[in-house]
Number of protein chains: 2
Amino acid sequence: MTRVLVVEDDPQLVRALVINMQARRYGVDAAPDGATALRLAAARQPDVVMLDLGLPDMDGVDVIRALRGRTRVPILVLSARQASEEKAAALDAGADDYITKPFSMDELLARLRAAVRRTEDVPLVPGTTLVETDGFTIDLLARKAVRAGRDVRLTPTEWHLLEILVTNPGRLVTQQHLLREVWGVSQRDRTNYLRVHMAQLRRKLEADPSHPRYLITEPGTGYRFEG
Amino acid sequence: MTRVLVVEDDPQLVRALVINMQARRYGVDAAPDGATALRLAAARQPDVVMLDLGLPDMDGVDVIRALRGRTRVPILVLSARQASEEKAAALDAGADDYITKPFSMDELLARLRAAVRRTEDVPLVPGTTLVETDGFTIDLLARKAVRAGRDVRLTPTEWHLLEILVTNPGRLVTQQHLLREVWGVSQRDRTNYLRVHMAQLRRKLEADPSHPRYLITEPGTGYRFEG
DNA sequence: CAAGGGGGTGACGAAGCTGTGACCGCCGAG
DNA sequence: CTCGGCGGTCACAGCTTCGTCACCCCCTTG
């Protein structure tokens with residue numbers, strides 16, 4: 001069943017959406033504000049987020065950024081604002097679609113189907129929970145890193161970075177991708193974040209941090225984990 | 001460079017789109033009707049298709065279906081029709097977005113960026129990810145080159161060049177095409193870029209760089225990868 | 001309130017990448 | 001044969017990017 005998270009503060013509209021989507025066999029959660037939305041997004045792992053930009057507690061674009069910092073779930077924005085700058089800001093923050101109110105339920109559902117269809121095409125990589133190298137061991141499930149028999153403490157940012165690299169063994173991961181996944185930014189001019197935190201990771205995991213064996217730099221493009 | 005195929009029969013609108021997109025460094029092809037669009041989509045392998053539903057020769061939804069039969073390239077529909085049934089039909093046929101005329105250029109470009117961004121994360125071509133020769137192996141997905149068991153380090157420019165040649169095995173790729181793709185220039189007087197970087201590629205990949213076996217020069221016209 | 005950790009910022013030397021021009025060899029035309 | 005066009009090779013300078021460090025702010029904790 002496809003799970004949808006509806007983020008909307010107008011209870012009447014929520015009701016209409018929930019009824020229509022449940023009738024089409026979607027599983028629906030609803031959040032009336034940004035804080036609840038972020039919590040529910042983490043807890044329920046929805047397949048799509050439907051987000052009203054006019055929330056009582058947070059700016060809608062900030063909600064998009066916060067979501068994009070953690071997940072790639074499709075985000076459909078609902079908004080009464082028609083200005084093209086608003087649309088561009090939301091889309092560039094990471095939204096997948098922007099629908100202006102009032103909208104027809106048919107159109108909304110069609111756009112929802114289109115968003116879901118896109119993610120279905122992408123087969124998820126079957127997850128191995130344990131990643132071992134000669135130098136260290138990463139347990140993705142337990143969220144634990146061990147090096148030379150000792151537990152290594154990793155900060156949330158470090159872990160997030162490492163997780164992405166390690167789940168794509170041997171593959172080059174672009175700077176852009178890492179920035180979007182970990183920091184939710186799409187700007188190319190923040191690669192210093194990457195440099196600093198990659199250095200930190202190497203210091204904690206590599207035997208010789210200045211000559212890394214597992215966390216490899218690909219100049220100008222990104223990083224790569226070699227298993 | 002991101003390649004966009006514009007399918008639109010109104011020459012004035014085509015002109016406006018082409019100017020705006022070229023200014024933002026997109027590579028643009030244009031087709032005035034459905035038949036041309038399908039031909040160009042096959043020939044040029046665009047990264048995005050921008051499709052007007054009101055074409056002189058075919059129904060727009062049929063064009064979407066025909067495209068979807070061959071490729072998963074993002075399709076942005078432009079249309080003067082506002083009816084939600086039209087939108088639902090186009091989206092369900094496989095379109096990724098539906099924009100009603102008149103639209104603002106800002107919004108269009110933002111939706112274009114959103115569509116392109118989605119595909120960047122998901123490297124397509126799941127089938128032909130590995131290119132092998134007697135001398136070396138190229139893994140397009142992992143972005144990795146191996147020769148004689150050793151990883152070969154390629155710079156972004158070298159990789160870009162190689163990728164284009166390797167994805168057109170046996171085919172001649174013109175100097176103009178390579179220059180446009182890698183450097184975004186259309187001048188023919190910059191072939192020295194090609195010479196230098198092709199030499200570099202041969203040095204890294206060929207057993208005997210001065211007598212290349214895989215990266216072949218076609219004097220006066222371009223280069224060719226022989227598999 | 002102080003201490004400490006996490007994370008962003010800016011500076012700086014080092015390393016890597018890329019365009020440029022000089023030079024050479026090849027080859028066909030005159 | 002000479003010449004000119006084309007392509008390959010090389011060294012180098014300028015720029016960009018990288019790793020590292022010191023420093024700051026902010027938040028949490030006690």
Side-chain angles (χ1 to χ4, degrees), chain A residues 35 65-66 69-70 143 145 151-163 165 172-185 187-224, chain B residues 1 143 145 151-163 165 172-176 178-179 181-185 187-224:
Chain A
R65 288 210 189 87
R70 309 163 194 196
R143 224 185 160 91
D151 279 20
V152 179
R153 277 176 46 88
L154 297 180
T155 70
T157 313
E158 288 159 14
W159 184 264
H160 204 161
L161 256 185
L162 182 64
E163 197 174 29
L165 290 169
L172 183 139
V173 186
T174 62
Q175 298 169 346
Q176 232 180 327
H177 187 172
L178 290 169
L179 284 173
R180 242 206 318 277
E181 283 293 311
V182 180
W183 286 273
V185 299
Q187 302 107 311
R188 210 174 195 74
D189 60 345
R190 298 280 172 94
T191 54
N192 46 332
Y193 296 7
L194 292 174
R195 293 208 294 279
V196 171
H197 290 278
M198 284 299 297
Q200 197 66 17
L201 267 181
R202 298 209 254 238
R203 211 167 302 143
K204 293 185 178 179
L205 295 176
E206 293 273 2
D208 181 357
S210 53
H211 300 94
R213 201 174 135 195
Y214 306 105
L215 302 169
I216 311 294
T217 305
E218 294 285 345
T221 50
Y223 293 86
R224 177 198 307 277
Chain B
M1 182 197 283
R143 215 172 169 159
D151 280 20
V152 178
R153 221 155 225 259
L154 297 180
T155 70
T157 318
E158 287 159 14
W159 183 264
H160 205 161
L161 259 184
L162 181 64
E163 198 174 28
L165 291 170
L172 172 93
V173 185
T174 62
Q175 297 171 345
Q176 215 182 342
L178 290 169
L179 285 172
E181 280 296 311
V182 180
W183 286 273
V185 300
Q187 302 107 311
R188 225 177 292 262
D189 61 344
R190 298 278 173 94
T191 54
N192 48 330
Y193 295 6
L194 292 174
R195 291 208 295 280
V196 171
H197 290 278
M198 285 299 299
Q200 197 66 17
L201 266 181
R202 286 174 177 153
R203 206 168 307 142
K204 293 185 178 181
L205 294 176
E206 293 273 3
D208 181 357
S210 52
H211 299 95
R213 203 174 133 195
Y214 306 106
L215 302 169
I216 312 295
T217 305
E218 293 288 343
T221 51
Y223 293 87
R224 173 200 311 277

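Values below: every heavy atom of this structure, side chains too, minus hydrogens, waters and symmetry copies.
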Determine, step by step, whether Thr217(B) and Arg202(B) satisfy the side chain to side chain contact (heavy atoms under 4.5 Å, CB included) criterion, reporting the C-alpha distance in whole Å, the side-chain angles of both residues, the deciding distance to 0.1 Å, and the verdict. CA-CA 11 Å; Thr217(B) 305; Arg202(B) 286 174 177 153; 2.7 Å; yes

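- What separates CZ of Arg190(B) from P of dC6(D) is a distance of 17 Å, to the nearest Å.
- The CE atom of Met198(B) sits 15 Å away from the P atom of dG19(C) (whole-angstrom rounding).
- In terms of modelled atom types and a separation under 3.5 Å, the side chain of Glu206(A) and the main chain of Arg213(A) share a donor-acceptor contact.
- Atom CZ in Arg203(A) sits roughly 17 Å away from atom P in dC18(D) (whole-Å rounding).
- Counting any heavy atom pair closer than 4.0 Å across all strands shown, Gln200(A) reaches no nucleic acid atom.
- Distances from the side chain of Val196(B) to the nucleotides dG6(C), dT20(C), dG8(D) place dT20(C) closest.
- Across all strands, Gln175(B) comes closer than 4.0 Å only to sugar-phosphate atoms, never to a base (heavy-atom distances).
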Step by step, work out the side chain to side chain contact (heavy atoms under 4.5 Å, CB included) result for Leu178(A) and Tyr223(A). CA-CA 9 Å; Leu178(A) 290 169; Tyr223(A) 293 86; 4.1 Å; yes

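- Distances from the side chain of Arg195(A) to the nucleotides dT20(D), dG7(C), dT9(D) place dT20(D) closest.
- At the phosphate of dT17(D), neither OP1 nor OP2 sits under 4.0 Å from any side-chain N or O atom of Tyr223(A).
- We find that CG of Asn192(B) is positioned 17 Å from P of dC10(D), with the value rounded to whole Å.
- If you check dG19(D), dG6(C), dC17(C) against the side chain of Thr155(A), the one that comes closest is dG6(C).
- Without hydrogens or angle criteria, Glu218(B) side chain to Arg224(B) main chain gives no donor-acceptor distance under 3.5 Å.
- Among the heavy atoms of the strands lying under 4.0 Å from Arg153(A) are primed sugar atoms or P, OP1, OP2 only; no base atom is included.
- Straight-line distance from the CG atom of Asp189(A) to the P atom of dT16(D): 14 Å, rounded to whole Å.
- Within the structure, a side-chain polar atom (N or O) of Trp183(B) is placed less than 4.0 Å from OP1 or OP2 of dG19(C).
- One can place NZ of Lys204(B) at 10 Å from C1' of dG16(C), the figure rounded to the nearest angstrom.
- Rounded to a whole Å, the OH atom of Tyr193(A) is 17 Å from the C1' atom of dT17(D).
- In this structure, of dG8(D), dG19(D), dC18(D), it is dG19(D) that holds the atom nearest to the side chain of Arg202(A).
- Per the geometry, NE2 belonging to His211(B) stands 12 Å off C1' belonging to dG8(D), to the nearest Å.
- Here the side chain of Thr174(A) pairs a donor or acceptor atom with the backbone of His177(A) at under 3.5 angstrom.
- When the nucleotides dT9(D), dG19(C), dG6(C) are ranked by their closest atom to the side chain of His197(B), dG19(C) comes out on top.
- Taking side-chain N and O atoms only, Thr217(B) has a distance below 4.0 Å to OP1 or OP2 of dG8(D).
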